[in-house]
> 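So that we are looking at the same thing, I have put the structure below in structure tokens.
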2 protein chains.
Amino acid sequence: MSEGAGLQPDTCGCGPWTTLSGGSPCRIEDDHQANAFLANEAGQRTASANEMISGHREGERRCFRVLDGVVRLVRIFPDGQRQVARFAFPGDFVGLTASERELTCEAVTDTTVLEYDAERLERISDCNPHLARQLARALRDGVDQNVEHVRLLGRRSARQRLALFLKSLHGELGLGDLVPLPMARADIADHVGLTAETVSRAFAELKRRRVLMEIDRNLVRLDLSALTSLADET
Amino acid sequence: MSEGAGLQPDTCGCGPWTTLSGGSPCRIEDDHQANAFLANEAGQRTASANEMISGHREGERRCFRVLDGVVRLVRIFPDGQRQVARFAFPGDFVGLTASERELTCEAVTDTTVLEYDAERLERISDCNPHLARQLARALRDGVDQNVEHVRLLGRRSARQRLALFLKSLHGELGLGDLVPLPMARADIADHVGLTAETVSRAFAELKRRRVLMEIDRNLVRLDLSALTSLADET
DNA sequence: CGGTAGGTTGAAAGGGGTCAAGTTGTGTGG
DNA sequence: CCACACAACTTGACCCCTTTCAACCTACCG
């Protein structure tokens, strides 16, 4: 989620489905129905670090919402090359589209997720405007994340790819100038389209350039303005 | 659009909004309202090749649907590097999300589009399930396109990037083993994350490898199975 | 018929990949 | 509490691919 939306049933604060002309709400019980579904039919599930949450298999129907922890969506190419399509953080939906359900979902850290039936969710959202709006928003957030990822992969130098990645991670998990790095270097590498070795060298170079102040395995301290200008330079 | 949906008002063939429990339709007039909106409030517009359709500016509200021709969504990095985020073909929506509205939309070929107010579209879809479903579908198609783009950019060799691009283009515009190339080499290059020279060389290499039979400026004849296996090899 | 934009091809250089060796650090068992 | 083992990370050396810069070709349009 772009701006850290919580997990309350109604994060956007929208009222019930109404007609444009300001008429009466359309079947209030739909909301109850959907809320009941969201609360009751969702299986809560935990996974420990590096455990597979859902494998990619034809006709996968489950989708998830991350409650706690970090997960990665992985694709393995026929030649064995690995790609981390995206990381998902608390509040994020995973598997809302068929193409995303073809990816393997794995826990980066110890994780708890809510589990839904994707098609049923969609069917219910056809009748529940509140849920439909929430899902549409999640869908848009997913688009935006993908757009950011494409922007990142468009940059040709390793430094800039890492800089953009750290910037987005700062937006997701950053606390002041500290950014946790829950995922391994190899995960970062497969996300930004480099090798783990190059990522490591890029970290070192960013430190040399005073963009990163401290580098720990799971935490960096960064100069956000320097990072931003680096991401924008040649 | 993934599988070439036309421009009819109701491409998905969905019936009117109904409750899950099979109740009566919910305000049929909503559909009429939205259809009227789609038909009447859309400004039709034409643009000749390389003309800008919408510049990226803060708070851009317009979104489009391509009627005829091909458009590209371009981002220019602060350092001048160019990226073609995606190409849009007849039937595709453009600018449904805020992040996409930050891109510059340009005509690749002579083009005609339908123009909407994005926020208004969204507001109306809040009250019109039919429109909401159609937009949700377009949103999902957009996600899928982005996912494909990310997959493409994840491949490291120029050959494979071009192979994947040609494969997706074949899906959009291909006729048998012929694939039109409406866009310039530089556009392809900025889409797949290479330089125009490398793209040109990759074309030549694909021909040497018998994956492409003929290469013209605006048309290639390809061996789809060879292309597919190339995209999957090391 | 010449100009120009787009495309191809060539040579040289730089950046990232690969492979291999070292380092750190974390968890486990003695 | 220490020592060992293993995984993750870092660093180094070398090579290949892509970029860069340049010249050249080709089609289209004035």
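Letters A, B, ... are given to chains in the order of the sequence lines, protein chains preceding strands, and every chain is numbered from 1.
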> Take the protein atom CD1 of B:I215 and the nucleotide atom C1' of C:dG6, then report the distance between them rounded to whole Å.
15 Å
> Answer yes if the side chains of B:T195 and B:T198 hold a donor-acceptor pair under 3.5 Å, and no otherwise.
yes
> Base contacts versus sugar-phosphate-only contacts with protein, heavy atoms under 4.0 Å: please encode nucleotides 11-30 of chain D as B, S and - from 5' to 3'.
BBB----SBBB---------
> Does the ring of B:F77 carry A:R155 above it, NZ/CZ under 6.0 angstrom from centre and within 45° of its axis?
yes
> Should the pair B:R185 and B:F203 be classed as cation-pi, given the thresholds of under 6.0 Å to the six-membered ring centre and 45° from the axis?
yes
> Note the angle between the end axes of the helix from C:dC1-D:dG30 to C:dG30-D:dC1, five pairs defining each, rounded to 10 degrees.
30°
> Can you tell me how far C1' of C:dT9 sits from CZ of B:F203, to the nearest Å?
16 Å
> Between A:Q83 and B:R151, is there a side-chain donor-acceptor contact under 3.5 Å, judged purely by atom types and distance?
no
> Expressed in angstrom and rounded to an integer, what is the separation of B:N218 atom CG from C:dA5 atom C1'?
13 Å
> Do A:S48 and A:E51 have side-chain atoms, one donor and one acceptor, less than 3.5 Å apart?
yes
> For B:D190 and C:dG6, give me the distance from atom CG to atom P, rounded to whole Å.
13 Å
> To the nearest Å, how far apart are A:R185 CZ and D:dA8 P?
12 Å
> Counting only N and O atoms by type, is there a donor-acceptor contact under 3.5 Å from the side chain of B:T112 to the main-chain atoms of B:R45?
no
> Return the minimal non-hydrogen interatomic distance between A:E60 and A:S54, and the atom names on each side.
OE1-CB, 4.3 Å
> Check the distance between C:dT18's C1' and A:Q81's CD and give it to me in whole angstrom.
14 Å
> What integer distance in Å separates B:M183:CE from C:dA5:C1'?
18 Å
> In whole angstrom, what separates B:R155's CZ from C:dG17's C1'?
14 Å
> Once you measure the plane-to-plane angle for A:F93 and A:Y116, does it fall in the parallel (<30°), tilted (30-60°) or perpendicular (>60°) bin?
tilted
> Establish, from distance only, whether the side-chain atoms of B:N50 and B:R72 form a donor-acceptor pair under 3.5 Å.
yes
